[in-house]
Number of protein chains: 2
Amino acid sequence: MVGRKSLKGDYCPSARSLDVIGDWWSLLIVRDAFDGLTRFGEFQKSLGIAKNILSERLRTLVSRGILELVPAEDGGSRMQYRLTEMGRDLFPVMVALRQFGERHLFEPDERHSQLVERETGLPVRLDVRTQDGRSIGAEDTVILKVPE
Amino acid sequence: MVGRKSLKGDYCPSARSLDVIGDWWSLLIVRDAFDGLTRFGEFQKSLGIAKNILSERLRTLVSRGILELVPAEDGGSRMQYRLTEMGRDLFPVMVALRQFGERHLFEPDERHSQLVERETGLPVRLDVRTQDGRSIGAEDTVILKVPE
DNA sequence: CGGTATCCCTGAAGATACTG
DNA sequence: CAGTATCTTCAGGGATACCG
């Protein structure tokens, strides 16, 4: 994506994810998609990105299966970009980024947008757990490598 | 970081996070740090990155408070890079990326590394919940914007 | 080993004009 | 409105040489 080698063949799932959505604009587009944006113009206005760049990014995201291009609901001939099921699986990534930002990148008195449950207004959190539900930290984990 | 405007002033925590760790190399360095790497040479070998680039990235990560440079444990005069507490708070981000990659970017028969609890060997998972512990999806949430 | 200093090159991003 | 087509710029990144 930049001047770097692809990580398609890497055995590490995180690396592959970075290869697919690891560039700045793509993540911001996905963020906006979670935020309900669907139209080319909406993304452009929100991001202040050049149209050709946006066009290329959207096309890439569609080709990777993160977004899909579907007829707009308003019945017109226009199309809209929507998150696929795969795209929606990026939700935890977005929440994790948000949580980190909230915790470390705002001054105490500084306000920021909040992610809450629609029905109840309760703040949304995210944590790492074992399969049997115990919450754990990085220190408690280890990576099992694939034998080369 | 690339040819783009800074998001320091953005009200969205996700955007700010991307501003701090949103480039490819930084995330891979952080991944390796979680994996236990601490030395310049270890990162270089693992990533195959040019030394000047690695040097600059490490310096940036230190200046942002993600990594810290501490005397090596072996008593020598060497230093080592370690995750700060703030850096360790990126753990959920890494796990989220990993989980997405595992789910969507590997063939069914393809093997990948695994993140497990050290003590028990149990796989590690991550999910989004409300404050009172109910697991929820993106559809159930909404973003409360900060009034401009 | 653990970097710093240069040089160069590529390609990502912006601006702008144009099209259906 | 929703893009495509060009052109240009500029900084990120690789290679290499050098240093304590």
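Values reported hereafter were calculated over all heavy atoms of this structure, with side chains retained and with hydrogens, waters and symmetry mates removed. Every value quoted in this text rests on a predicted model; they were computed, and no experiment measured them. Chain identifiers are assigned alphabetically (A, B, ...) following the order of the sequence lines, protein sequences preceding nucleic acid strands; residue numbering begins at 1 within each chain.
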**Study point:** Mutual orientation of the aromatic rings belonging to B:Phe34 and B:Phe91 [parallel < 30°, tilted 30-60°, perpendicular > 60°]
**Key:**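 B:Phe34 and B:Phe91: tilted rings.
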
**Study point:** Aromatic plane relationship, A:Phe106 with A:His112 - under 30° parallel, 30 to 60° tilted, over 60° perpendicular
**Key:**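 It falls in the perpendicular class, over 60°.
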
In whole Å, I'd like the distance from the [atom1] atom of [X] to the [atom2] atom of [N].
{"X": "A:Leu47", "N": "C:dA13", "atom1": "CG", "atom2": "C1'", "value": "14 Å"}
{"X": "B:Lys45", "N": "C:dG2", "atom1": "NZ", "atom2": "C1'", "value": "16 Å"}
{"X": "B:Gln44", "N": "D:dG13", "atom1": "CD", "atom2": "C1'", "value": "14 Å"}
{"X": "B:Glu56", "N": "C:dT4", "atom1": "CD", "atom2": "P", "value": "10 Å"}
{"X": "A:Trp24", "N": "C:dA13", "atom1": "CH2", "atom2": "P", "value": "9 Å"}
{"X": "A:Leu28", "N": "C:dA13", "atom1": "CG", "atom2": "C1'", "value": "14 Å"}
{"X": "A:Ile49", "N": "C:dA13", "atom1": "CD1", "atom2": "P", "value": "8 Å"}
{"X": "B:Arg57", "N": "C:dT4", "atom1": "CZ", "atom2": "C1'", "value": "16 Å"}

Point to revise | Phosphate OP1/OP2 of C:dC1 contacted by B:Arg78 side-chain N/O (<4.0 Å) | key: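 For C:dC1, OP1/OP2 do not have a side-chain N/O of B:Arg78 under 4.0 Å.
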
Check your understanding: Taking only side-chain nitrogens and oxygens of B:Arg39, does any of them come within less than 4.0 Å of OP1 or OP2 of C:dC1?
Key ->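 No, outside the criterion.
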
Minimum-distance nucleotide to [X] side chain [options: [options]]:
{"X": "B:Ile53", "options": "D:dG13, D:dA5, C:dG2", "result": "D:dG13"}
{"X": "A:Arg59", "options": "D:dT4, D:dC1, C:dT4", "result": "D:dT4"}
{"X": "A:Ser55", "options": "D:dG3, C:dG14, C:dC1", "result": "D:dG3"}
{"X": "A:Lys51", "options": "D:dG14, C:dT4, D:dT4", "result": "D:dT4"}

Exercise for review: Please work out if A:Tyr81 contacts a base, only the sugar-phosphate, or nothing of the nucleic acid, heavy-atom cut-off 4.0 Å.
Suggested key: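 It contacts sugar-phosphate atoms only.
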
Point to revise | Pair B:Ser55, B:Asn52: side-chain N/O donor-acceptor within cut-off below 3.5 Å | key: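 No donor-acceptor contact under 3.5 Å links the two side chains.
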
Review point. Which comes earlier along DNA chain D counting from the 5' end, the contact point of A:Asn52 or that of A:Leu69, where each point is its nearest nucleotide?
Key: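 Taking each residue's closest nucleotide, the earlier one in sequence belongs to A:Leu69.
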
Check your understanding: Under 4.5 Å between any side-chain heavy atoms of B:Asp89 and A:Gln99, yes or no?
Key ->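 Answer no - side chains too far apart.
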
Check your understanding: Are side-chain heavy atoms of B:Leu105 and B:Phe100 found at a separation under 4.5 Å?
Key ->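 They are in side-chain contact.
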
